[in-house]
Amino acid sequence: MIKKLFLFCILFAFQFMVFAQNGNVKPLTIGEIRTLKSEILNEERNLNIYLPQNFDKAKSYPIIYLLDGSMNEDFIHVSGLVQFFNLMYAMPETIVVGIANVDRKRDFTFHTDVKDLQKDYPTTGHSEKFISFLEKELKPYIQSQFKTTDTYLFGQSLGGLLATEILLKKPELFNNYFIISPSLWWDDESLLKNANQLLSKSSDTKKFVYVSVGKGEHKVMIKDAEDFYNILQKSKKKNWTVEYKMMDLDNHATILHRSLYEGLVKLFPYQEPK
């Protein structure tokens with residue numbers, strides 16, 4: 001009896017190994033990883049790209065450019081959120097381009113003379129180069145690979161600082177800006193202080209701007225986000241839709257996913273299935 005049981009166990013284990021090797025196991029693919037050689041940044045940059053389930057090369061798609069888009073950062077959960085909005089809300093199928101980080105403190109901040117910041121962020125001050133990379137290399141590359149419509153920029157924290165800088169200095173780069181918990185304290189709030197002057201120079205073309213901050217965040221970050229929203233509201237951009245959301249249950253670590261959800265609902269409200 002023991003011998004038969006032993007032989008049965010060996011046979012079962014063998015059959016399981018064969019099934020595991022030759023059965024219904026296959027890769028789960030939600031997109032692709034591409035590498036773009038940047039002459040501006042003098043380095044290779046990885047792009048994590050989410051493609052809709054029914055992706056068709058002949059079809060045109062909105063594009064979300066996601067800062068902090070590494071696989072171990074925000075790419076997977078943001079792609080899942082987009083898929084959910086495609087499924088349950090009025091959001092069209094959308095491609096997500098996650099820009100994997102190399103040195104976010106270098107890429108997302110502009111120059112500062114504040115000594116403490118120079119000490120804490122030794123590689124800082126190269127956002128101008130990174131914006132040039134977005135404008136002259138990344139966006140043209142994506143447009144050469146996919147047929148595109150509206151563009152979105154998602155950024156949180158230092159990524160929110162960069163998104164704010166782009167909105168104020170080169171607003172035409174994107175149609176929609178999701179600015180979450182922006183680090184406008186950077187460089188003694190110089191970007192915030194210059195916001196009115198910069199806005200006065202920008203055109204009044206159609207744009208959606210969503211700003212949010214968590215109630216559990218630092219009081220300076222809350223104040224700066226509210227001040228920035230008020231500046232946008234008073235900028236007299238008739239074709240800019242500006243939204244603000246205080247996330248009562250969130251802090252700096254938890255805010256991004258829930259805040260993006262709230263922002264997307266404002267653009268794509270729920271519709272009862274027909």
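All residue numbers refer to positions in the sequence shown, counting from 1.
Taking the side-chain contact (heavy atoms from CB on, under 4.5 Å) definition, one finds that Arg106 meets it with Glu43, Arg45, Val102, Asp103, Thr123, His126, sequence neighbours left out.
Without hydrogens or angle criteria, Thr94 side chain to Pro92 main chain gives a donor-acceptor distance under 3.5 Å. Counting only distance, with no hydrogens or angles, the side chain of Asp188 and the backbone of Ser190 share no donor-acceptor pair below 3.5 Å. Put simply, the side chain of Ser259 never gets that close to the backbone of Leu256: no donor and acceptor are under 3.5 Å apart. Without hydrogens or angle criteria, Ser183 side chain to Trp185 main chain gives no donor-acceptor distance under 3.5 Å. At least one donor-acceptor pair under 3.5 Å links the side chain of Ser79 to the backbone N or O of Phe75.
To the nearest 0.5 Å, atoms OG (Ser127) and CG (Leu134) are separated by 10.5 Å. Put simply, OH on Tyr89 and CG on Leu267 are 13.0 Å apart, with the number rounded to the nearest 0.5 Å. Rounding to the nearest 0.5 Å places CZ of Phe84 at 11.0 Å from CG of Asn86. For the atom pair Glu135 CD and Ile40 CD1, the distance stands at 8.5 Å (nearest 0.5 Å).
Of the N and O atoms on the side chains of Thr124 and Thr109, at least one donor lies less than 3.5 Å from an acceptor on the other residue. Side-chain polar atoms of Glu172 and Thr205 form no donor-acceptor pair below 3.5 angstrom. Judged by distance alone, the side chains of Lys237 and Ser202 do bring a donor and an acceptor atom under 3.5 Å apart. A donor atom on one side chain and an acceptor atom on the other are found under 3.5 Å apart for Glu73 and Asn101. Residues Glu137 and Ser38 bring a donor and an acceptor atom of their side chains to less than 3.5 Å of each other. Residues Tyr210 and Tyr229 bring no donor and acceptor atom of their side chains to less than 3.5 Å of each other.
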Exercise for review: Please test Asp107 against Leu162 for side-chain contact (heavy atoms from CB on, under 4.5 Å), starting from the C-alpha separation and ending with a verdict.
Suggested key: CA-CA 8 Å; Asp107 292 336; Leu162 181 75; over 6 Å; no
Exercise for review: Before giving the answer on side chain to side chain donor-acceptor pair (under 3.5 Å), spell out for Glu217 and Ser181 the whole-Å C-alpha distance, their side-chain angles and the decisive distance to 0.1 Å.
Suggested key: CA-CA 8 Å; Glu217 302 198 65; Ser181 305; 2.5 Å; yes
Exercise for review: Evaluate salt bridge (Lys or Arg N to Asp or Glu O under 4.0 Å) for Asp250 paired with Lys215, printing each intermediate quantity in order.
Suggested key: CA-CA 6 Å; Asp250 287 289; Lys215 194 170 184 179; over 6 Å; no
Exercise for review: Show the numbers, then the answer: is there a salt bridge (Lys or Arg N to Asp or Glu O under 4.0 Å) between Glu243 and Lys266?
Suggested key: CA-CA 8 Å; Glu243 300 280 357; Lys266 293 179 182 296; 3.7 Å; yes
Exercise for review: Under the salt bridge (Lys or Arg N to Asp or Glu O under 4.0 Å) rule, what do Glu39 and Lys37 come out as? Steps first, then yes or no, please.
Suggested key: CA-CA 6 Å; Glu39 300 298 330; Lys37 172 62 179 177; 5.5 Å; no
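Linking Ile, Leu, Val, Met, Phe, Trp and Tyr whenever their side-chain heavy atoms come within less than 4.5 Å puts Met246 and Ile231 in one cluster.
When side chains are defined from C-beta on, Lys238 counts as touching Asp204, because their heavy atoms get closer than 4.5 Å. Counting heavy atoms from C-beta outward, Leu184 and Leu191 have side chains that approach closer than 4.5 Å. In this structure, the side chains of Leu199 and Lys236 stay at 4.5 Å or more apart for every pair of heavy atoms. Proximity of Phe133 to Leu36: side-chain heavy atoms (C-beta onward) are separated by under 4.5 Å at one or more points.
Classification of Arg104 and Asp68 as a salt-bridged pair holds, one side-chain N sitting under 4.0 Å from a carboxylate O.
Separation of the Tyr61 and Phe55 ring centroids falls under the 6.0 Å cut-off. Separation of the Trp186 and Tyr121 ring centroids falls under the 6.0 Å cut-off.
Using cut-offs of 30° and 60° on the angle between ring planes, the pair Tyr152 and Phe178 is tilted. Taking the six-membered ring where tryptophan is involved, the planes of His77 and His257 are tilted, since the angle between them lies from 30° to 60°.
Cation-pi check for Lys169 over Phe110 is met; the charged atom lies under 6.0 angstrom from the ring centroid and within 45 degrees of its normal.
Checking Tyr177, Phe174, Tyr141 one by one against Tyr65, the ring-ring contact (aromatic ring centres under 6.0 Å, His included) holds for a single residue, Phe174.
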